[in-house]
Amino acid sequence: KPVLTEKSLSLAKMGKYTFLFDPRFNKNEIRKKIENLFSVHVVEVRTMRIHKVVKKDYRGKKKVYPERKKAIVALANKEKIDLFEEKVKK
């Protein structure tokens, strides 16, 4: 699942794309998934774990956000993923 935030879109301009994965994936599996899905060449994969969080909503009900792994993927020279391209407003 791609992460589309201001920070990730600014990283995308430098050729680094951010995705969320299941925490059981390792770097090699992430590399293969991205290369097969978008047909690009991955140069570097950096990962970080996002721990499970329990928060309360405005009514006091508990909401559980599951554990995830965030991966920042660097691509080979001049390769792009169109999903992260910003559209120019007219």
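All values reported here derive from a predicted model rather than from experimental measurement.
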Name each donor-acceptor pair under 3.5 Å that joins a side chain in residues 33-54 to protein atoms two or more places apart or in another chain, with its distance.
| residue | atom | partner | partner atom | Å |
| --- | --- | --- | --- | --- |
| E35 | OE2 | V42 | N | 3.1 |
| N36 | ND2 | K32 | O | 3.2 |
| H41 | ND1 | E79 | OE2 | 2.9 |
| E44 | OE2 | R46 | NE | 3.1 |
| E44 | OE2 | R46 | NH2 | 3.4 |
| R49 | NE | E67 | OE2 | 3.3 |
| R49 | NH2 | E67 | OE2 | 2.5 |

>> Looking at N77, I want to see if its CG is surrounded by more than 12 non-hydrogen atoms of other residues, nucleotides or ligands under 6.0 Å.
In response: no
* Should we say atom NZ of K27 is surrounded by more than 12 heavy atoms from elsewhere, each under 6.0 Å from it? -> yes
| field | Audit row: F19, V3, side-chain contact (heavy atoms from CB on, under 4.5 Å) steps and yes/no | value | CA-CA 5 Å; F19 296 92; V3 178; 5.7 Å; no
So NZ of K13 and OG of S8: to nearest 0.5 Å the spacing works out to 11.0 Å
To the nearest 0.5 Å, atom CZ of R68 lies from atom NZ of K1 at 7.5 Å
Check your understanding: Under a single-linkage definition using a 4.5 Å side-chain heavy-atom cutoff for Ile, Leu, Val, Met, Phe, Trp and Tyr, are I72 and L75 assigned to the same hydrophobic cluster?
Key -> no
Check your understanding: Same hydrophobic cluster for Y17 and F25, using side-chain heavy-atom links shorter than 4.5 Å among ILVMFWY?
Key -> yes
